[in-house]
Structures are given as C-alpha cells and as structure tokens.
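What follows is a short report on a single structure.
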Amino acid sequence: MEPFHFHTRLTQVELLGKTAKNIKELYEGIKKVPSSSIYYHTHHYLEQHRYFSPEHPNDFSYWITTSLGLKKLGEEIASVDIFRFSDIDQLRQEFLNVLGGYLKNTGLGERSCLPQEEFRFLSSRIFILPTPYKATNLIEFLNCLEKVTIHSLYFHIFEARLRLKKHDNDFSCWLRDLGHKELADRISKLDPYTYTLEGLRKKIINLVKNYL
Amino acid sequence: MMPRIDDYRAIVGDEIIDELYLLAEKLKGVSIQNINSTPFGGGVAEILSRMVPLMQQLGVNVWWDVIEAEDNFFFITKKIHNRLHGVDVPLSGKELDYFLEINHQNALKIKKWADVIFVHDPQPIALVKMKKKLRNRWIWRCHIDFSSPCRDIWIFLKKIIEKYDVSVFSAPIFSRNLSVRQVLIFPSIDPLSDKNKELEEDFIEKVLNHFGIDKEKPIITQISRFDYLKDPIGVIRAYRMVKKYIDCQLVLAGGGALDDPEGTKVLEEVKNEAASSKDIFVLHLPPNSHLEINALQRASTIILQKSLREGFGLTVAEALWKEKPVIASCVGGIPLQIAHKYSGILTYTIEGTAHWIRRLLHEPEYARRLARNGREHVKNNFLITRHLQNYLLLFLSLYNFEDLIYLD
C-alpha cells in the first residue's frame, strides 16, 4: 500500500479582462468564463478566512449585495450548496439558473453598479508541491494532520474533489484503500464548505481519534 | 546589512521559506533580467533592490539593469504616467517618437540578455522590440494605476504590451481587455528593511528632535513623493480643519525620484501653502532616508494617504505594518489593504479625512484596534516573501501552460 503523501498548492491569480456592471452581464460572464474562474470565485475565500466564516461565501454574492444592493438575490447566490456538485459546470449551471430566474422575473437585469465597481472576472492556475509529510498508517496520518498547513488540507479536501474531478476527497480515497471504509465515509460526508479550515482540521482529527 | 532569505523564517515560518527554495530549484537553468528606469527612489527601485538579492540567494540566476536617458525622456515618461492616470496633459507625437528612440538606443546598449526579460513600468516598455530577434520570454509588470487612462496613450501602449508573453497588474481594477495573459500580483513591503524594521525609541526621538517635531503633541503624517496625485495641499486643508479643534502637528515627508522632475514644483507649492503654520513640517528627504521615514511613521499618531490616484499605495502597508491607524483614499490598490472600519479608514474627500482624524484622535482604543487588524492583514498578504513566491510562480508559468502544474 502506497503511503499517503501530503501535498500543498500555491496559486497564481489571473485577470481575465472581462467585467460585468449588471446582472445581465454577470449572467453572460458566468456562462462564458473558463471553469477555473467559477472555481476561483467560489473558493478563494476559504483560505483567506482561516478562523472565521465570511458573510458572503462567494464573490458573486458579495458583489451583487454590496455593489448592486440586491440583498435577496445576493443571499440566494450565497446559499448555493457547492458541496452538492461534483462538477464545476453543474455549479455554473446552478448560478445561471438563479440569475436567469431573476432576469426573467424582475426585468431589472440592466440596473448597473457605480463606475469602477464592476465585477472583474479572475481565474487561477494551481502549482502542486510535495510536503515532507507522509503517512503509512492511521497514527502517522493523525500526526501529519496536526502539522500540515491549511493549504495542504485545502488541497486534499476541496481541490481534489472538484477541480481534480476525483469526486471525493483524497483522504477518504486513501483510507478506503487502506481498509478503513467507515472512517473514509464519515470524512466524505462532511460538508467542508460550512467549516473554517481550522475547524475542518479539528473535525477530521476528532473523527480519526474516535475511530482509533 | 542586507537581510538574508533565511532571516525571514522568524517572521513568516520555515514552511514558506522552504517552498521558496523548492520553487527556485525548479528554475534551474533559466536566467532572468529585470529592467526599469531608475536605480533608486520610488517603489519599483525599492522593491527590486530587495527582491533581486533575495532571489539570488535562493539560487535563481537573476540580475537587474537600468535604462539610461536624459531629463527630457523623463519629462515625457512623466506625461505618459499622468495620461495613464487619466490626467489630460499635452503629449505630442514627436515626444512619443523620442520615447521610442530612447528605448531603441537602450536596447542596442544592453550587451547581455536573459531567457526571461522582466520589464517594469512604461519607461522601458518598448525594449520588447528585441523579442523577435532574441526569441526569449518577455513579461511587462505594470506598477501604476491603469483604471481610467486617456484613450490615446492606452492605444499607443496596448500595441506594445500585446507583444509581451505576459502582463502583470497590481490590482483587479487595473485589468484591461488584452490579448495577452494578465497575472495579478500585489506588491509588498520588506519587514526587515531600514524602512520597516523595528527601531530603538532613542533613535525615533532623535529624528523628531532633528526636525523640531514635538513628541508630546499628536502627529498626523503623510509619507509620499511631492506629487499632485498625492494631494499634499488637500492634506494641509484637512489638517487645518482638525487644528481648529485639536492641537496637533502635520508632517508631510517624502523623497524625490530621479524620474520625477515635477516634484520640485509641487514641493514649492506645498511649502508656500504651509508657510504660515509652525506646526506643519514639510520635509524633503534624500532618497536613502529610510530610517528617518521609518522613525517618522513610528512616531505618528495617525498616518494618512490622501492620494487622488494611486498605483498600489505601498506606504499604506508600511504604516499598517507599524501598527498605526491609517486614513487613506479609496483609490487604486488602497481598498485591497484597508477594509473600512476594520483595518483602517477609507475616505473620499478632504472633509471626510478631517472628520476621521478627529474621531481617531478622540477614540484611541478604536484607533488601536484598527491598527492591530491592519498589521495582521499585512502579515498575511503584503510581505516580500509572498511577493517572491508570486514572481517565482510567474517565471515557472512561462514554461508550463496547464491550469494544474505538478512540481514534484
């Protein structure tokens, strides 16, 4: 059995040069930008807020609320359950459904924000690096979990599942191969989007400890 | 003495520095040449003077060249700079021809070219003409506010920028519709530089005494070049509104850069405006006065950055790193450094600035809380080690085109 080698990842943020000044343009933008952009705008906040959860869990919701003043729509976009999707294009479609509904029902899709407050589409490129931490059994795995950075945790939980299209987190895949199916399933069922990264680390450590 | 890369372990942790060594290792065999227009004065020269030696210590084959030109060239590039900021100063086609000619002459003078040419700001931008012949990779790093440029200068520069492989901007708001890749990299400050390192109280007091500043009276400070876009006259007006109610002092201090001939004129106007007030200190400092600027910031009660336009406004990060309450204009990269009422105060007018100076002077506990949050934000986002990481990734990205890059 291969040991679990903890990796981490670094991000390069790219500017797409594409902007939106109202809901109609945001809708068109979300439809066309690469999946890496949808991923960036719905995930970068997770690493920036280590100990507390921000009010707006994605950039679309933040912009709709603060720059367009559309609180209800902002909340609807904030409430999209990302964990439900194992594919970025399905997630993109969910945003389009919510925004499309607003455009159809209100006719206010062209009400624009102030100049210089336009939504700016960004994207990211990921560089994956090895860390010195490796685990061959559950005790070593637990020790590593306590030491790795939140960026490593983030990579194996979020990036692996959605961006690397593995449909599950790396920890659960390895634990299942190791024969710890029950523990693997418990970690798989955690909705990581509702925890801060430090909170998530604690939760996984507790699950492993209880299992042991 | 210049800090060593390993000296930063105590500030940012081992893991960050180990990652930098690993990234540098992946750049083995690639040479990198930085080119800008001034060896000292101004943010670009300052950051290069720190970054280049640190990258060399990491094992990267990197060096830094400066283009040569007469004052006339810098008068023209200053006009280009102003037009990029949206200020409608006259700029003739003949002047643009001269600008291109000086770039051409400099291209002929450069004897050694690297695999990656990293050009900073518009002054040497047209060197990219050499790309066809050299068949190497070119990056253009824009350090200035690009959010509302005059149309003619944008059309002129766009054609040149699009010859590069990658462009780099300091804030999302500077992003333009370009056919080349655009990367976002925030600038940074060096916590171990003379400008930002911890200082002895005795030294701070000595600096205050030298300039005749009273340490017992509140000190409001703006550190910046003497430039219309930093609105030094607006700062004096805001100060005068506060002075009616609170006995305090104003310090306007800054150095001059070789490529900023307009500075002398602005300095004279500021001196005239301040002449009647004994509590306003207009200090034109030599370009290497980093320790004095550091001391002035550390002695300040409140630090201002009331710019009308701004590239990134690194003096804000410097002030926040020293745990000072900062009141700054909501322009350029400043809102990326200050979350209003959380890590500082963002204002839009002279009156608003005056209002917040009074409030923070009256509520020192609130001011301290802003300052603490500000320092934490800078620690996580605006230190030189994060900047080094971004640059190493940028160079690596010239040779890796996928969205996911494994560096095993």
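Below, chains carry the letters A, B, ... as their sequence lines are ordered, and counting in each starts from 1. All figures in this text were calculated on a predicted structure; none of them were measured in a lab.
- Note that OG of A/Ser36 is 9.0 Å distant from CG of B/Leu404, once rounded to the nearest 0.5 Å.
- Taking CD1 of B/Ile173 as the reference point, atom CD of A/Glu117 lies at 8.5 Å (rounded to 0.5 Å).
- Side-chain atoms of B/Leu23 and A/Leu10, non-hydrogen and from C-beta on, do get closer than 4.5 Å to each other.
- To the nearest 0.5 Å, atom CD1 of residue B/Ile16 and atom NE2 of residue A/His151 are 6.0 Å apart.
- Crowding of B/Lys158 atom NZ: a count of heavy atoms from other residues, nucleotides or ligands under 6.0 Å exceeding 12.
- Only the backbone of B/Glu402 comes within contact range of chain A, judged by heavy atoms closer than 4.5 Å.
- With a threshold of 4.5 angstrom between heavy atoms, B/Arg181 approaches chain A through side-chain atoms but not through N, CA, C or O.
- Taking a 6.0 Å sphere around CZ of B/Phe401, one finds it holds more than 12 heavy atoms contributed by other residues, nucleotides or ligands.
- Looking at A/Thr11, only its backbone comes within 4.5 Å of chain B, counting heavy atoms on both sides.
- More than 12 heavy atoms of other residues, nucleotides or ligands lie within 6.0 Å of CD in B/Glu162, so this atom counts as buried by the packing criterion.
- Here the closest heavy-atom approach between residue B/Val183 and residue A/Gln12 is recorded as CG1-CG, 3.9 Å.
- Within 6.0 Å of atom CD in A/Glu146, more than 12 heavy atoms from other residues, nucleotides or ligands are found, so the atom counts as buried in its surroundings.
- For A/His5, no part sits under 4.5 Å from any heavy atom of chain B, backbone or side chain.
- Residue A/Glu75 qualifies as open at atom CD: its count of foreign heavy atoms under 6.0 Å is 12 or below.
- The structure places CG of A/Leu16 at 10.5 Å from CG of B/Asn177, a figure rounded to the nearest 0.5 Å.
- Between chain A and the residues B/Val166, B/Asn390, B/Leu22, the largest count of heavy-atom pairs under 4.5 Å involves B/Leu22.
- Of the inter-residue distances, the one linking B/Asp403 atom CG with A/Tyr39 atom OH reads 11.5 Å to the nearest 0.5 angstrom.
- For the pair A/Leu122 and B/Pro172, the tightest heavy-atom approach, listed with the atom from each and the gap, is CD2-CB, 4.3 Å.
- Proximity to chain A involves both the backbone and the side chain of B/Leu393, based on heavy atoms less than 4.5 angstrom apart.
- Proximity to chain A (any heavy atom under 4.5 Å) is shown, for B/Asp18, by neither the backbone nor the side chain.
- Nearest heavy atoms, A/Gly17 versus B/Ser175: CA-OG, 3.3 Å.
- In this structure, the separation between CG on B/Leu407 and CD1 on A/Ile126 is 11.5 Å, given to the nearest 0.5 Å.
- Summarising the geometry of A/Leu129 relative to B/Glu19, their closest heavy-atom pair is CD2-CG, 4.2 Å, with the distance given to 0.1 Å.
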